[in-house]
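Sharing a structure here in structure tokens format.
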Amino acid sequence: LGGRFALQIYGYGLMMVLGFLVAIFLAQWRARRSGENPEVVLHCGLLALAGGVIGARAAYIIQHWDAQFAQQPNPLAAMLNVTSGGLIYYGGVILASLIVILYLVRKKVPIRRYLDILAVSLMVGLAFGRAGCLLNGCCYGGQTDEHNHLGMCFPLYSKPLVKVSSTPG
């Protein structure tokens, strides 16, 4: 291994992985405390992960079809290129929820009980995801002055500092 290699770890991806792992661990712990099967929770988490990414990407593609995908020489390749950005939370939640509910119905387990177990983990995962968005610079809130204790300073010319004119011309 005499050579060096560059390993880039992005804040958004790291927070998503940490959020998923913490959420699954928490849901399994809550399932054990409730007398339910933690393996069912693990399968729900894996299905929700796959469904969440697919649903979030599909929602982004639908919303941005005309602007980003319709004019591409190879729209399918552009749609599959998740590394260029483009996930919408609500699309992920909708598809992941549908897949998890179908799985729970198929397993013939108490659906409401498992959804109660999973709900807390969904919010924990969302908190990690929002922190990842902040680290990525895409979800930064409204403009404030430098004396606000909850404000933060972004680098010059980053997305939060570039002002967008709301009036034409």
Side-chain angles (χ1 to χ4, degrees), residues 7-65 68 79-145 148-155 158-161 164:
L7 175 64
Q8 290 184 321
I9 299 175
Y10 295 98
Y12 181 76
L14 177 65
M15 294 306 285
M16 294 300 287
V17 168
L18 288 175
F20 177 75
L21 293 175
V22 169
I24 289 295
F25 176 78
L26 176 63
Q28 286 186 308
W29 178 77
R30 288 174 45 87
R32 276 191 287 281
R33 281 194 62 192
S34 301
E36 299 298 340
N37 187 351
E39 288 296 313
V40 171
V41 169
L42 176 63
H43 292 129
C44 285
L46 294 173
L47 289 169
L49 176 65
V53 171
I54 293 167
R57 184 61 177 174
Y60 182 84
I61 291 167
I62 291 167
Q63 184 171 341
H64 298 280
W65 177 258
Q68 287 186 321
M79 288 188 286
L80 295 176
N81 185 10
V82 181
T83 60
S84 66
L87 300 172
I88 294 179
Y89 174 75
Y90 298 110
V93 169
I94 291 168
L95 186 58
S97 298
L98 180 64
I99 290 172
V100 166
I101 290 170
L102 290 174
Y103 173 74
L104 293 173
V105 167
R106 186 168 182 253
K107 290 295 284 184
K108 297 181 180 159
V109 296
I111 296 170
R112 288 187 301 182
R113 189 161 173 89
Y114 276 94
L115 291 179
D116 281 345
I117 291 168
L118 295 170
V120 174
S121 291
L122 175 65
M123 293 299 104
V124 169
L126 177 62
F128 274 89
R130 294 294 95 186
C133 283
L134 184 65
L135 291 173
N136 192 41
C138 59
C139 300
Y140 40 80
Q143 190 173 8
T144 185
D145 65 19
N148 186 322
H149 297 295
L150 296 177
M152 60 178 40
C153 182
F154 288 92
S158 64
K159 290 179 186 177
L161 286 179
V164 179

Original post:
What residue among I99, V105, L98 forms side chain to side chain contact (heavy atoms under 4.5 Å, CB included) with L102?
Top reply: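 Answer to the side chain to side chain contact (heavy atoms under 4.5 Å, CB included) test with L102 among I99, V105, L98: L98.
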**OP:** Check the pair V109, Y114 against side-chain contact (heavy atoms from CB on, under 4.5 Å), reporting the backbone distance first and the verdict last.
**Re:** CA-CA 8 Å; V109 296; Y114 276 94; 3.6 Å; yes
Original post:
Atom CD in Q28, atom CD in E36: separation rounded to 0.5 Å?
Top reply: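 Between atom CD of Q28 and atom CD of E36 there are 13.5 Å.
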Subject >> G86 backbone acceptor or donor facing R57 side chain under 3.5 Å >> reply: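 Yes; judged by distance alone, with no hydrogens or angles, the pair exists.
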Subject >> Over all atoms of both residues, closest heavy-atom pair of A27 and V41 >> reply: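 The answer is CB-CG1, 3.2 Å.
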**OP:** Give a yes or no on whether Y89 atom OH has more than 12 heavy-atom contacts from other residues, nucleotides or ligands under 6.0 Å away.
**Re:**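 More than 12 within 6.0 Å, yes.
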**OP:** For the residue pair R30 and V120, establish whether any side-chain heavy-atom pair is separated by less than 4.5 Å.
**Re:**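 Yes, close enough: below the 4.5 Å cut-off.
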**OP:** Starting at CE of M15, measure out to CZ of R130 and round the result to the nearest 0.5 Å.
**Re:**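 Answer for the CE-CZ pair, M15 versus R130, is 11.5 Å.
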Subject >> For A23 against G125, the heavy-atom pair lying closest together >> reply: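 Minimum heavy-atom contact is CB-N, 4.4 Å.
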**OP:** Let me see the working for F128 and L14 under side-chain contact (heavy atoms from CB on, under 4.5 Å), right down to the final yes or no.
**Re:** CA-CA 9 Å; F128 274 89; L14 177 65; over 6 Å; no
Subject >> L87 CG to I54 CD1 distance, which is reported to the nearest 0.5 Å >> reply: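 Here the interatomic distance stands at 11.5 Å.
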**OP:** Heavy atoms only: give me the nearest M16-G129 pair and the separation to one decimal.
**Re:**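 Scanning both residues, the minimum pair turns out to be SD-CA, 3.7 Å.
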Original post:
Yes or no on side-chain contact (heavy atoms from CB on, under 4.5 Å) for W65 and M79, after CA distance, side-chain angles and deciding distance?
Top reply: CA-CA 9 Å; W65 177 258; M79 288 188 286; 3.8 Å; yes
**OP:** First locate atom OG of S121, then atom CG of L126, and finally report the distance between them rounded to the nearest 0.5 Å.
**Re:**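 The CG atom of L126 is 12.0 Å from OG of S121, to the nearest 0.5 Å.
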Subject >> Closest non-hydrogen atom pair, A59 against G91 >> reply: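 So the two residues come closest at CB-CA, 3.7 Å.
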**OP:** Please report the closest heavy-atom contact between G55 and L95, naming both atoms and the distance.
**Re:**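 Nearest heavy atoms, G55 then L95: N-CD2, 3.5 Å.
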Subject >> Any Y103 side-chain heavy atom under 4.5 Å of R106 side chain >> reply: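 No, too far: nothing below the 4.5 Å cut-off.
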Original post:
Roughly how far, to the nearest 0.5 Å, is CD1 of I24 from CG of L21?
Top reply: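 L21 CG to I24 CD1: 8.5 Å, rounded to 0.5 Å.
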Subject >> Exercise: identify the closest heavy-atom pair between C44 and V100 >> reply: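 Closest approach of C44 to V100, heavy atoms only: O-CG2, 3.6 Å.
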**OP:** Measure the shortest side-chain to side-chain distance between L46 and F20 over non-hydrogen atoms and say whether it is less than 4.5 angstrom.
**Re:**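 Side chain of L46 against side chain of F20, heavy atoms only: contact under 4.5 Å found.
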Subject >> Value rounded to 0.5 Å, distance of CG in L115 from CG in L104 >> reply: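 Separation between the atoms: 6.0 Å.
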